[in-house]
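One structure below.
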Amino acid sequence: MTPRSADTPPREPPPASAFPSPASEAREDPAAFFARRPEHSPDAPLSIHDMTIAYHRRPVLWDIDYDAPKGKLVGILGPNGAGKSTLIKGALGLVPRASGRVLVFGKPYEKMRREVGYVPQRESVDWDFPVSALDVVAMGRYAHIGWLRPVSRAHKERAMACLERVGMADYASRQISQLSGGQQQRVFLARALAQDASLYLMDEPFASVDAATERAIVGVLRELREQGRTCLVVHHDLHTAPEYFDEVLLLNMRIVAHGPTRETLTEDNLRRTYGGRLTLLSEAGEALARRAPANPPPPTSAARRDQDAP
Amino acid sequence: MTPLETFFTLDFPALAAGVLAAVCCALVGCFLVLRRMSLMGDAISHAVLPGLVLAFLISGSERPFTLLIAAAGVGVITTALIELVQRWGRVEPGAAMGVVFTVLFAIGVLMLERLGGRNLHIDADCLIHGQMEGALWLDAPATLAQLADPARYAGFPPQVVTLVIALALVVACIALFFKELRITSFDPALAAALGFRPTLVRYALMTLTAVVVVASFEAVGSILVIGMLVVPGMIAHLLTDRLGPMLLVSAAAALCAAVVGYYTGAHLPPLLGAPGALSAAGMIGVTLGAMLVLAALFAPRHGALSAALRRAALRIDITREDILAAMHRRAEAHPSAPHPIADLRAHAGGALTARLALRALRRRDEARADGAGGLELTPRGAVRARELVRAHRLWESYLVQTAGARADHVHNTAETLEHITDAQLARMLNQRTGHAATDPHGKPIPTQPTEADDA
């Protein structure tokens with residue numbers, strides 16, 4: 001497998017009105033979708049097709065096309081503001097997608113929630129919240145429990161086993177603000193394990209953790225890989241990336257390159273990823289944000305489809 | 001009238017209304033506090049006014065369900081309006097809430113003024129402090145046996161019925177959706193990823209807030225209700241660190257405040273020789289405020305006083321260790337010189353700290369009186385003193401050798417770090433500094449017997 005790169009800016013920026021996803025494509029049967037797009041695989045744990053995400057009508061990710069490889073640890077690398085977290089949130093539908101489609105093992109995400117584990121950034125929650133470490137880990141089981149039913153003893157035992165796997169069993173009954181940053185991160189990891197998913201999306205799990213936690217996380221990641229699960233991990237440390245990840249995805253508002261770590265982390269690719277902003281894309285984003293009407297007119301879906309039909 | 005009949009006619013309705021309103025608000029308020037949405041309680045308590053006036057006009061206050069349904073409608077509309085203003089006006093949530101609730105409240109005031117006077121028994125006073133004492137049980141039971149007589153309940157105060165329904169609704173919702181409320185409050189992003197619809201839950205919570213606010217309106221008005229929503233949750237948050245206990249403690253605090261508030265309102269002025277009674281709702285609010293102050297001061301983990309005590313204990317501990325280390329250093333220079341207590345006191349910040357630290361030394365059997373007005377180290381104290389000096393000098397070596405600090409800059413840092421250095425850390429420092437024999441100032445680094453094989 002050779003690293004693919006997309007150094008040329010994607011097609012010229014579409015007008016703002018074309019951003020909303022063509023409704024017909026979003027509804028299209030996945031089988032027909034994959035037949036029409038042979039470059040995407042229905043077996044891929046995560047298949048992102050032409051995803052663009054905009055905040056306040058300013059695109060922050062352009063035309064993301066990506067199939068995650070099965071059973072691999074993939075590092076998502078890029079400078080600050082490159083859209084690394086946004087990529088994950090967009091794939092999970094936590095931020096609205098201006099366009100594009102995301103399929104998990106060939107099916108819409110809404111049908112595959114149990115197969116996807118999510119580790120948000122540690123700062124995204126209030127650690128003063130009155131819950132114990134075990135309570136937090138048990139939240140990973142909620143998708144399996146479903147609405148209205150309480151957390152059963154079996155689910156709690158399962159959560160406890162996950163805490164043990166990250167070496168935090170002794171802290172199960174601690175209120176979470178009494179844990180160190182690294183321990184909090186391990187609790188989040190244990191919660192992801194409790195989700196028992198086939199695909200994991202992790203947002204900066206290595207951010208400001210101690211050495212012991214870093215080792216624990218790496219151990220768990222490798223364990224997950226041995227079980228054939230796929231992990232996409234937003235990472236900030238270029239030095240450890242070759243050691244930790246099988247593949248990397250270099251991101252800076254668009255995918256700069258992706259593929260096996262050794263072949264992809266070339267000096268050339270890194271320069272294109274980190275070497276300053278892509279001024280043209282940034283400027284185009286600014287212009288779109290300025291010119292877009294407050295309420296975009298209905299999408300001109302036909303035009304958009306014709307434009308990028310294979 | 002028998003005393004019992006007086007109680008059931010006058011005290012019971014007001015007390016029941018106060019207690020029920022306080023408990024309802026407390027339970028819902030816990031989630032507002034945890035979600036940092038306390039202001040939303042404020043917004044809704046004001047925004048419900050037009051809906052309230054309409055519901056009163058349509059049905060009179062006798063029909064609790066109309067009231068509660070109107071409340072639910074207003075809750076949803078208010079929440080939606082606030083989000084719309086936020087999105088369209090491009091302002092922060094606080095500003096959006098401020099705009100929406102003042103405008104809706106203003107509409108309510110106008111409606112009250114135009115339509116209220118003749119048809120309603122609510123007015124501006126009621127808005128502010130409610131009419132808890134206005135609730136009466138007509139034809140109340142005169143004996144306990146009559147409590148079982150259905151005929152007696154014809155005159156049962158409707159406000160209390162409304163509140164009972166509201167409380168049942170709140171308890172049922174929290175019990176059924178406990179898990180959903182917990183995950184959407186703690187981590188909305190994960191909740192959304194798992195399919196738990198945080199937006200839906202938020203709207204449901206706002207609806208429930210509107211329901212308890214409206215049910216409590218006649219008892220405590222629309223201003224004091226804000227305190228009842230927020231304060232018990234804050235008290236419970238200070239005292240507990242689990243969601244279930246937090247809900248129970250908040251309900252208990254609300255109940256206490258309601259009972260204490262009602263009775264002090266009714267009986268305190270006569271006791272002090274003043275005429276009349278104090279507003280029960282006002283007294284409940286004051287009681288809650290006093291309880292919050294107490295909780296903020298004395299809560300075991302989060303209280304200000306507890307924190308001060310912990311800091312003081314830490315200061316004494318550090319002084320104790322400083323004295324130990326000082327004794328070790330003096331013994332290095334003059335092996336047989338005594339340690340007069342007056343000299344050792346110089347290592348403490350204050351006289352009281354010094355006295356407590358010296359007492360701690362004796363209690364822990366680390367030092368004892370030498371019989372000549374001084375102290376001497378016990379074997380146990382000598383070990384600890386050696387560890388401290390060792391840690392101090394290891395840190396100095398490490399900071400100079402590895403961290404590149406200047407030799408005359410490292411004392412203060414080492415002085416702090418020596419207190420938190422355990423055996424494992426000391427061992428690592430020893431390895432990193434290449435088992436240095438002396439610190440940067442040329443003083444010998446004491447060795448540990450257990451680490452002899454390390455070197």
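We use all heavy atoms of the structure for the numbers below, so side chains are in, but hydrogens, waters and symmetry mates are not.
Annotation: the span from B:Arg301 atom CZ to A:Gln178 atom CD amounts to 4.0 Å, rounded to 0.5 Å. Considering CD1 of B:Ile183 and OH of A:Tyr142, their distance stands at 6.0 Å, rounded to 0.5 Å. Taking CZ from B:Arg35 and CZ from A:Phe129, the interatomic distance works out to 8.0 Å, rounded to the nearest 0.5 Å. B:Leu190 contributes atom CG, which lies 8.0 Å from atom CE of A:Met139 (distance to the nearest 0.5 angstrom).
Considering only heavy atoms from C-beta on, A:Trp147 comes within 4.5 Å of B:Arg197 through its side chain. Looking only at side-chain heavy atoms (C-beta outward), A:Ile176 and B:Phe186 come within less than 4.5 Å of each other. Looking at B:Arg182 and A:Pro130, their side chains never come closer than 4.5 Å, going by heavy atoms from C-beta outward.
At least one donor-acceptor pair under 3.5 Å links the side chain of A:Tyr109 to the backbone N or O of B:Ala193. A donor-acceptor pair under 3.5 Å links the side-chain atoms of B:Glu180 to the main chain of A:Leu148, judged by distance alone.
At a 4.5 Å heavy-atom cutoff, the contact between A:Gln195 and chain B is made by side-chain atoms alone. For chain B, no part of A:Val119 is nearby; none of its heavy atoms comes within less than 4.5 Å. For A:Arg191, the part lying under 4.5 angstrom from a heavy atom of chain B is the side chain only. Looking at B:Phe178, neither its backbone nor its side chain comes within 4.5 Å of chain A, counting heavy atoms on both sides. Contact annotation for B:His302: neither backbone nor side-chain heavy atoms come within less than 4.5 Å of a heavy atom of chain A.
Chosen from A:Pro150, A:Gly146, A:Pro120, the residue pairing most often with chain B at heavy-atom distances under 4.5 Å is A:Gly146. Here A:Asp135 is the residue among A:Val116, A:Val151, A:Asp135 with the most heavy-atom pairs under 4.5 Å with chain B. With chain A as the partner, the residue from B:Arg90, B:Met246, B:His237 showing the most heavy-atom pairs under 4.5 Å is B:His237. Each of B:Ala191, B:Ala236, B:Ala189 has some count of heavy-atom pairs under 4.5 Å with chain A, and the biggest count is that of B:Ala189.
Annotation: B:Met234, atom CE; neighbour count of heavy atoms from other residues, nucleotides and ligands within 6.0 Å does not exceed 12. Residue-environment remark: CD (B:Gln424) stays at or below the threshold of 12 foreign heavy atoms within 6.0 Å. Within a 6.0 Å radius of OH in A:Tyr171, no more than 12 heavy atoms belonging to other residues, nucleotides or ligands are found. Applying the 6.0 Å contact sphere to CZ of B:Arg36 captures no more than 12 heavy atoms from other residues, nucleotides or ligands.
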